[in-house]
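Positions are given from 1, in the same order as the sequence printed here.
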Amino acid sequence: MNSEEEFYDAVTGFDSDNSSGEFSEANHKVAEMLDLDPHQSNRTGKHNGETEIQENGIKRHRTSLPAPMFSRSDFSVWSILKKCIGLELSKITMPIVFNEPLSFLQRITEYMEHIYLINKACSHADPLERMQAVAAFAVSAVASQWERTGKPFNPLLGETYELTREDLGFRFISEQVSHHPPISAFYSEGLNKDFIFHGSIYPKLKFWGKSIEAEPRGTITLELLKHSEAYTWTNPTCCVHNVIIGKLWLEQYGTVEIVNHSTGDKCVLNFKPCGLFGKELHRVEGYIQDKNRKKLCVIYGKWTECLWCTDPTTYETYKKNEKRGGEQKKLKPSEDVIKSENDEADDMPEVQDTVQFIPGSKLLWRINCRPPNSSQMYNFTSFAVSLNELEKGMEAILAPTDCRLRPDIRNMENGNMDVASKEKERLEEKQRAARKERAKDEVEWQTRWFHQGTNPYTGTSDWLYSGTGMFLAYFLLWNHLVG
């Protein structure tokens, strides 16, 4: 059986050995792999090159995709979406041309790109500074979506993704735990046992004529173990405009409330909608208050650029002067802030200015510089480029349900669009057949690594991580292969 067939069987449940609630394959292979040649793989398939080890012992990840992005200019989404106005889109099959070569489970992993903000929060003794760092992390989590107008692949039921990054100090696991409605659960922890980050996401997609709106549902939880603190929040709404004609552009809007369940502190962030003339495009403003609702600081910036904080009095004074038309000092664009190459094209609101700096403000976060060829790689960040990397030896230790083994995503990444489209249809058809088979036999799907329960801090329904067995097996095996 080849690796593609193993993936089909694993995610559809046709192979009963791989549909249990345990990560049995990796655990059984721990003893075997101790004698395995690290340059061999016991599965077939193409790799993206050998792992490169730098002088400091840290692996160097790839910096580009195998093939450049194709042009979407010859394709129209209108023929598909015109009958879907006002409807929920999760059940609509979209052509592969509107995808990007990542699964939604991998897109969730991009939360960890700015993990240094979690580390900063762990290191602060002051609870206000911890909340500032957590707020910056919550904003940075959506920053990778800037100019990412491609749709990630819908995960198949039972699909998984796991990642260990020793250089960044975390391990991450996710699983598609429900298909209708589509729910993705994830869990991450620091290698130094200093934090736990987990949640479940149920994106509600709707088409409104000229735009597609993704409303994120589900709770995100960050636990800082050293401080015995837990923070919860939900992401803002994401909207892609000009899906019928014109240049696609994206905005985030809505109110995000971050609650510290230990101290009672709260951070309220308002992701502002674009507005008529585009003046508010990408802007974020908010504040942190204590349990008595006293404002402790004000936060402002853009989720596409940077985030600053200042004290409430300074902020109010600045706003009063601004209304009177007083002199304001603009923040000079930094080399780290990437501007759009064409801000004025096809009904996209012109970005009027960058973030206006308020003297005395403290920088909380700045967006990472993207690769120079990012526009030819679906506007991926450097972190996103590495997520589907399949290094030598990984196929032997990954669960057969891992996103990296999906033949449709792999072929799209390699530029084989026709093959990718056929594989996508084949996977979806096999999933439908598996669902009918389970319904016929009255068998319920069993998740592997998560179980449905109650969030201990919000009291709402959530999907909770079931254990650490697979992390131990994966970590030991991969250390052996690259060590």
Checklist entry - After noting the C-alpha distance and the side-chain angles of Trp365 and Tyr116, does the key distance pass the side chain to side chain contact (heavy atoms under 4.5 Å, CB included) rule? => result CA-CA 10 Å; Trp365 161 81; Tyr116 75 91; 3.3 Å; yes
Next on the checklist: Apply ring pair (Phe, Tyr, Trp, His ring centres under 6.0 Å) to residues Phe186 and Tyr111 and explain how you reach the verdict.
Outcome noted: CA-CA 11 Å; Phe186 69 91; Tyr111 287 165; 5.8 Å; yes
Checklist entry - So Thr221 and Asn455, side chain to side chain donor-acceptor pair (under 3.5 Å) or not? Walk me through it. => result CA-CA 9 Å; Thr221 304; Asn455 187 291; 3.0 Å; yes
Next on the checklist: Leu168 vs Phe383, test: side chain to side chain contact (heavy atoms under 4.5 Å, CB included). Steps then yes/no.
Outcome noted: CA-CA 11 Å; Leu168 298 178; Phe383 185 81; 3.8 Å; yes
Item to check | Test side chain to side chain donor-acceptor pair (under 3.5 Å) applied to Glu175 and Thr447, step by step | outcome: CA-CA 8 Å; Glu175 177 182 356; Thr447 56; 4.8 Å; no
Next on the checklist: Would Gln132 and Leu128 count as a side chain to side chain contact (heavy atoms under 4.5 Å, CB included) here? Give the steps.
Outcome noted: CA-CA 6 Å; Gln132 290 171 348; Leu128 175 59; 3.9 Å; yes
Next on the checklist: For a side chain to side chain contact (heavy atoms under 4.5 Å, CB included) check, start with the C-alpha distance between Phe450 and His198, then their side-chain angles and the critical distance, and finish with the verdict.
Outcome noted: CA-CA 11 Å; Phe450 294 84; His198 57 94; over 6 Å; no
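Not a single donor-acceptor pair under 3.5 Å links the side chain of His261 to the backbone N or O of Pro456. In this structure, His451 contributes its side chain and Leu464 its backbone to a donor-acceptor pair below 3.5 Å. Counting only distance, with no hydrogens or angles, the side chain of Ser374 and the backbone of Phe380 share a donor-acceptor pair below 3.5 Å. Remark: side-chain polar atoms of Gln106 are paired, donor with acceptor, to backbone N or O of Ser103 under 3.5 angstrom. A donor-acceptor pair under 3.5 Å is formed between the side chain of Ser262 and the backbone N or O of Ser228. Panel note: side chain Gln431, backbone Leu156; no donor-acceptor pair is recorded below 3.5 Å. A donor-acceptor distance shorter than 3.5 angstrom exists from the side chain of Arg130 to the backbone of Ala125, with no hydrogens or angles considered. Remark: the backbone N or O of Glu162 is paired with a side-chain donor or acceptor of Arg404 at under 3.5 angstrom. A donor-acceptor distance shorter than 3.5 angstrom exists from the side chain of Ser188 to the backbone of Arg171, with no hydrogens or angles considered. Between the side chain of Asp290 and the backbone N or O of Asn292 there is at least one donor-acceptor pair closer than 3.5 Å.
With contacts defined as side-chain heavy-atom distances shorter than 4.5 Å, the pair Leu102/Arg107 does not qualify. Between Glu251 and Thr304, every side-chain heavy-atom pair lies at or beyond the 4.5 Å cut-off. The shortest side-chain heavy-atom distance between Thr310 and Cys297 does not fall under the 4.5 Å cut-off. Contact check for Tyr287 versus Pro312: no side-chain heavy atoms found under the 4.5 Å cut-off. Taking the side chain as every heavy atom from C-beta outward, Val385 and Leu65 approach each other to under 4.5 Å. Taking the side chain as every heavy atom from C-beta outward, Lys151 and Ile212 never approach each other to under 4.5 Å. In this structure, Val134 and Trp233 have side chains that are in contact, with non-hydrogen atoms separated by less than 4.5 Å. Val268 places a side-chain heavy atom less than 4.5 Å from the side chain of Thr255.
Between Lys266 and Glu257 there is a salt bridge, since at least one side-chain N of the basic residue sits less than 4.0 Å from a carboxylate O of the acidic one. With salt bridges taken as basic N to acidic carboxylate O contacts below 4.0 Å, one links Glu285 and Lys319. Ion pairing between a basic and an acidic side chain is recognised when a charged N comes within 4.0 Å of a carboxylate O; Lys193 and Glu189 show such pairing. Between Glu413 and Arg410, at least one side-chain N (NZ, or NE/NH1/NH2) sits under 4.0 Å from a carboxylate O, which counts as a salt bridge.
Closest approach of Leu364 to Lys120, counting heavy atoms only: O-NZ, 4.4 Å. Minimum interatomic distance between Asp265 and Met131 (heavy atoms only, all atoms of both residues): O-CE, 3.7 Å. Scanning both residues, Arg148 and Ala384, for their nearest heavy atoms gives NH1-CB, 4.2 Å. When all heavy atoms of Ser64 and Asn373 are compared, the closest pair comes out as CB-ND2, 4.0 Å. Between Pro236 and Gln252, the closest heavy-atom pair is CG-OE1, 3.7 Å. Smallest separation of non-hydrogen atoms from Ile299 and Cys309: CG1-CB, 4.1 Å.
Interatomic distance, CZ of Phe153 versus CG of Leu105, reported as 13.0 Å (0.5 Å rounding). Going from atom CZ of Phe170 over to atom CG of Asn192 covers 13.0 Å, rounded to the nearest 0.5 Å. In this structure, NE2 in His241 is found 12.5 Å from OG1 in Thr149, a value given to the nearest 0.5 Å. With rounding to the nearest 0.5 Å, the separation of CG in Leu250 from CG in Asn379 is 10.5 Å. Between atom CD of residue Glu229 and atom SG of residue Cys122 there is a gap of 9.5 Å, rounded to the nearest 0.5 Å. Note that the CD atom of Gln452 and the OG atom of Ser178 stand 8.5 Å from one another [nearest 0.5 Å].
His61 and Arg165 form a side-chain donor-acceptor contact under 3.5 Å, judged by distance and modelled atom types alone. With 3.5 Å as the limit, one finds no donor-acceptor pair spanning the side chains of Tyr161 and Glu159. Side chain to side chain, Glu280 and Tyr253 fail the donor-acceptor criterion of an N or O pair below 3.5 Å. For the residue pair Glu305 / Thr354, a side-chain donor-acceptor distance below 3.5 Å is found, with atom types taken as modelled. A donor-acceptor contact under 3.5 angstrom links the side chains of Glu110 and Ser144, judged on distance only.
Taking the six-membered ring where the residue is Trp, the centroids of Tyr318 and Tyr300 are separated by 6.0 Å or more.
A ring pair (Phe, Tyr, Trp, His ring centres under 6.0 Å) with Phe197 is found for exactly one of Phe172, Phe137, Tyr231, namely Phe137.
Phe357 and Trp308 have perpendicular rings, their planes meeting at more than 60° on a 0 to 90° scale where under 30° would count as parallel.
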